[in-house]
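These numbers come from a predicted model, not from an experiment.
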Amino acid sequence: MTEQEKKLLLDKRYLRMARIWAENSYCERRRVGALIVKDKSIISDGYNGTPSGFENLCEDEENKTKPYVLHAEANAITKVAKSSNSSEGATLYVTASPCIECAKLIIQAGIRRVVYSEAYRYLDGIELLKKAKIEVDFVEVN
């Protein structure tokens, strides 16, 4: 097996784990999971949802996402920031491509690679990551 095949196998494995982690989300419209991996170790995880201490309802009465719901990437990045780990040079695995706000956080967190398995409706986040010279890979997961 080549190094490229091993890398793809590992990417798919982490994306499947991120998909399972997304099941923790209470959001009805879309559940997203994220893992931050460094040196083949998961150093942080996150899923979309409300901030700590808030009710676990992501949508309002009109089924619109509440403005204070955090994205999976933001939760994973803030979680690693509170730990003794550093995301410098890490890879972020996320089930949906990052939005522009999360892309800014990814850049500032020093993450060097983003792997995702579904396209978000806007691709401006992906464009910003590429502009920042962050490696971005779409990987289909069965």
Pairwise distance CG(Leu15) to CD(Glu118) - rounded to 0.5 angstrom: 10.0 Å
Asn48 side chain to Ser25 backbone, donor-acceptor under 3.5 Å: no
Verify same cluster id: Leu128, Ile111 (apolar side-chain graph, 4.5 Å): yes
Derivation of the side chain to side chain contact (heavy atoms under 4.5 Å, CB included) call for Leu10 and Arg13: CA-CA 5 Å; Leu10 208 52; Arg13 195 169 292 147; 4.0 Å; yes
Heavy atoms from other residues, nucleotides or ligands near CZ of Phe138 exceed 12 (cutoff 6.0 Å): yes
Donor-acceptor side-chain pairing of Thr65 and Arg29 below 3.5 angstrom: yes
Verify same cluster id: Phe54, Tyr26 (apolar side-chain graph, 4.5 Å): no
Interatomic distance, Lys12 atom NZ to Ser117 atom OG [nearest 0.5 angstrom]: 11.0 Å
Heavy-atom pair with the smallest gap, counting every atom of Ala103 and Pro98: N-CB, 4.4 Å
Transitive ILVMFWY side-chain link Ile43 to Val114, under 4.5 Å: yes
Shortest non-hydrogen separation from Ala74 to Cys102 and the atoms involved: N-SG, 4.2 Å
Stepwise side chain to side chain contact (heavy atoms under 4.5 Å, CB included) check, Ile134 with Arg112: CA-CA 5 Å; Ile134 292 173; Arg112 298 306 320 144; 3.9 Å; yes
Side-chain (Thr95) to main-chain (Val32) donor-acceptor, under 3.5 angstrom: no
Glu140 atom CD, over 12 foreign heavy atoms within 6.0 Å: no
Sub-4.5 Å side-chain heavy-atom contact between Met17 and Ile42: yes
Lys104/Glu101 salt bridge by N-O under 4.0 Å criterion: yes
Distance-only polar pair, side chains of Tyr93 and Asp11, donor-acceptor under 3.5 Å: yes
N/O donor-acceptor pair under 3.5 Å between Arg19 side chain and Val141 backbone: yes
Expected output: side-chain Asn85 to main-chain Val80 donor-acceptor under 3.5 Å: no
Within-4.5 Å side-chain heavy-atom neighbours: Cys58 and Arg30: no
For the student: nearest non-hydrogen atoms of Ile106 and Leu129, plus distance: CG2-CD2, 3.7 Å
N/O donor-acceptor pair under 3.5 Å between Lys130 side chain and Val136 backbone: no
Heavy-atom donor-acceptor pair, Glu73 side chain to Val94 backbone, under 3.5 Å: no
Whether over 12 other heavy atoms sit under 6.0 Å from Gln108 CD: no
Gap between atom CD of Glu59 and atom CD of Glu61 - 0.5 Å precision: 11.0 Å
Point-to-point distance, once rounded to the nearest 0.5 Å, from CD1 of Ile20 to CG of Asp45: 13.0 Å
Nearest atoms (heavy-atom pairs only) where Tyr68 meets Pro51: O-CD, 3.4 Å
Closest contact, heavy atoms only, Ala34 versus Trp21: O-CD1, 4.2 Å
Side-chain heavy atoms of Ser87 within contact of Ile77, under 4.5 Å: no
Expected output: side-chain Asp60 to main-chain Glu62 donor-acceptor under 3.5 Å: yes
Val115-Tyr14 co-clustered via ILVMFWY side chain contacts under 4.5 Å: yes
Minimum heavy-atom distance between Lys38 and Ser86, given as atom pair plus value: NZ-O, 3.1 Å
Glu5, CD: over 12 other non-hydrogen atoms inside 6.0 angstrom: yes
Side-chain donor/acceptor of Thr50 to backbone N/O of Glu55, under 3.5 Å: yes
Nearest-0.5 Å distance, OG1 of residue Thr91 to CD of residue Glu135: 7.5 Å
hydrophobic_cluster_shared for Leu35 and Tyr116, side chain cutoff 4.5 Å: no
